[in-house]
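A short write-up of the structure that comes next.
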There are 2 protein chains.
Amino acid sequence: MSLTHIQSFVAVAEEGHVGRAARRLHLSQPPLSRHILSLEDELGTPLFERTPRGMRLLPAGTAFLAHARRILAEVDAAVHTVRKAAVDVPEAN
Amino acid sequence: MSLTHIQSFVAVAEEGHVGRAARRLHLSQPPLSRHILSLEDELGTPLFERTPRGMRLLPAGTAFLAHARRILAEVDAAVHTVRKAAVDVPEAN
DNA sequence: CTGCCTTACGACTGGCGTAAACATT
DNA sequence: AATGTTTACGCCAGTCGTAAGGCAG
C-alpha cells in the first residue's frame with residue numbers, strides 16, 4: 001500500500017470514473033486501474049462495483065474512503081507542522 | 001513522500017540509531033539512511049541531529065513524529081475497517 | 001458499435017544491497 | 001582503531017504509457 005494508491009482511490013471514488021480520475025491526476029488509465037486493483041488485492045476485497053458507466057463504491061469502499069481522506073489530510077498536516085516547527089525553532093540552543 | 005519513508009522515520013526516531021532501525025525493518029543501513037535524507041530533503045529541513053552515537057531528534061523531527069504515528073495508525077485502522085466491512089456486508093442485495 | 005475497464009508489453013526510473021568513503025572519539 | 005552515517009555503483013523490481021483485449025449495453 002502506498003500513498004499514491006490511496007490518492008488514486010480517492011480520486012476514483014470521487015469521480016466514479018477511472019478515465020476522469022486519471023485526467024485529474026495527470027496519469028493514464030491503465031496505471032490508475034492497476035492502483036485500484038492492487039489496493040483491492042492487498043485488502044482482499046473489492047472496493048468498487050464495475051458498471052458500464054464507471055465505478056461505484058461498495059460498502060467496503062465507502063468505509064475505506066473515510067480513512068483514506070484522513071490519511072491524506074494527516075500527511076498534509078505533517079508537512080505543514082514540520083515546516084512551521086523548522087521556522088519557529090531554527091536552533092534550540 | 002511514501003509510507004515506507006514514514007515507517008523508516010519512526011523506526012529511526014524510536015531507536016535513535018540507523019543500524020538498529022535497519023535490523024528492525026529487515027533492511028540494510030544505506031537504503032534506510034536514504035529514506036531519512038529523502039524525507040528531510042522533501043520537507044526542506046533536517047529532522048535529526050547526527051551524533052557519533054547515532055541520531056537524535058530535532059524539534060522539527062519531534063513535531064513530525066506525532067503526525068507520522070497517526071498516519072501509520074490510520075492506515076492500520078483503514079485496513080482493519082475494510083476487512084471488517086467486507087465481512088459484515090458480503091453482498092448488499 | 002460505443003464506452004469503459006483491464007491485460008500485454010516494451011522502456012525507464014527507483015530502490016536494494018555490497019563495498020567503499022567520511023567523520024568523530 | 002572502532003563505531004556509525006553517507007556516497008558509489010551495479011542490478012532487479014515496480015511503474016509508466018501505448019496498444020490491444022474483453023465486456024456490457
Side-chain angles (χ1 to χ4, degrees), chain A residues 1-62 64-65 68 71-72 75 91, chain B residues 1-62 64-65 68 71-72 75 91-93:
Chain A
M1 168 137 46
S2 89
L3 289 176
T4 303
H5 290 159
I6 296 173
Q7 285 175 303
S8 295
F9 167 78
V10 171
V12 172
E14 287 177 356
E15 299 288 346
H17 195 286
V18 174
R20 274 193 297 275
R23 280 194 292 279
R24 171 170 146 189
L25 296 171
H26 305 294
L27 200 70
S28 63
Q29 294 87 336
L32 183 47
S33 178
R34 287 190 292 254
H35 291 174
I36 304 300
L37 291 170
S38 161
L39 205 48
E40 292 177 325
D41 180 65
E42 186 173 354
L43 293 170
T45 185
L47 300 172
F48 292 99
E49 179 193 355
R50 274 73 172 171
T51 81
R53 303 275 206 60
M55 311 276 277
R56 172 180 308 237
L57 274 176
L58 290 173
T62 304
F64 189 68
L65 181 56
I71 291 165
L72 297 180
V75 169
E91 45 216 314
Chain B
M1 169 137 44
S2 88
L3 289 176
T4 303
H5 290 159
I6 296 174
Q7 285 174 304
S8 296
F9 168 79
V10 171
V12 172
E14 287 177 357
E15 299 288 346
H17 194 285
V18 174
R20 273 193 297 275
R23 279 193 293 277
R24 172 171 146 189
L25 296 171
H26 306 294
L27 200 71
S28 63
Q29 294 87 338
L32 182 47
S33 179
R34 287 190 291 253
H35 290 174
I36 304 300
L37 292 170
S38 161
L39 206 48
E40 293 177 325
D41 181 65
E42 186 172 354
L43 293 170
T45 184
L47 299 173
F48 291 100
E49 178 193 356
R50 274 73 170 172
T51 80
R53 303 275 206 59
M55 313 277 276
R56 171 180 308 235
L57 274 176
L58 291 173
T62 303
F64 189 69
L65 181 56
I71 292 165
L72 297 180
V75 168
E91 46 215 315
N93 299 327

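In what follows, chains are A, B, ... by sequence order, proteins preceding strands, each numbered from 1. What you are looking at is a predicted structure, and each value in this text was computed from that prediction instead of being measured.
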Within this structure, what is the OG1-CG distance for the pair T4(A) and L32(A), rounded to the nearest 0.5 Å? 11.0 Å

Tell me, which pairs form a ring pair (Phe, Tyr, Trp, His ring centres under 6.0 Å) where one or both residues lie in residues 5-47 of chain B, sequence neighbours left out? H5(B)-H35(B), F9(B)-F48(B), F9(B)-F64(B)

To the nearest 0.5 angstrom, please state how far the OG atom of S33(A) sits from the CE atom of M55(A). 6.5 Å

Approximate separation, where rounding is to 0.5 Å, of L47(A) CG and L65(A) CG: 10.0 Å

Inter-residue atom distance I71(B).CD1 - I6(A).CD1, 0.5 Å rounding: 9.5 Å

Which residues in residues 29-45 of chain A have a heavy atom closer than 4.0 Å to any atom of DNA chain D? P30(A), P31(A), R34(A), H35(A)

For DNA chain D, which residues of residues 47-55 of chain A approach it to below 4.0 angstrom with any heavy atom? P52(A)

Expected list for residues 13-26 of chain B near DNA chain C, using heavy atoms below 4.0 Å, is none

Can you name the residues that form a side chain to side chain contact (heavy atoms under 4.5 Å, CB included) with S28(B), not counting sequence neighbours? P30(B), P31(B)

Residue pairs involving residues 1-18 of chain A (criterion salt bridge (Lys or Arg N to Asp or Glu O under 4.0 Å); sequence neighbours excluded): E14(A)-R24(A), E14(A)-R69(A), E15(A)-R20(A), E15(A)-R24(A)

Working to the nearest 0.5 Å, report the span between OG of S8(B) and CG of L39(B). 8.5 Å

With sequence neighbours left out, write down each residue that passes salt bridge (Lys or Arg N to Asp or Glu O under 4.0 Å) with E40(B), or none if nothing qualifies. R50(B)

Can you sort out the partners of E49(B) under side chain to side chain contact (heavy atoms under 4.5 Å, CB included), two or more places apart, ordered by chain and number? T51(B), R56(B), L58(B)

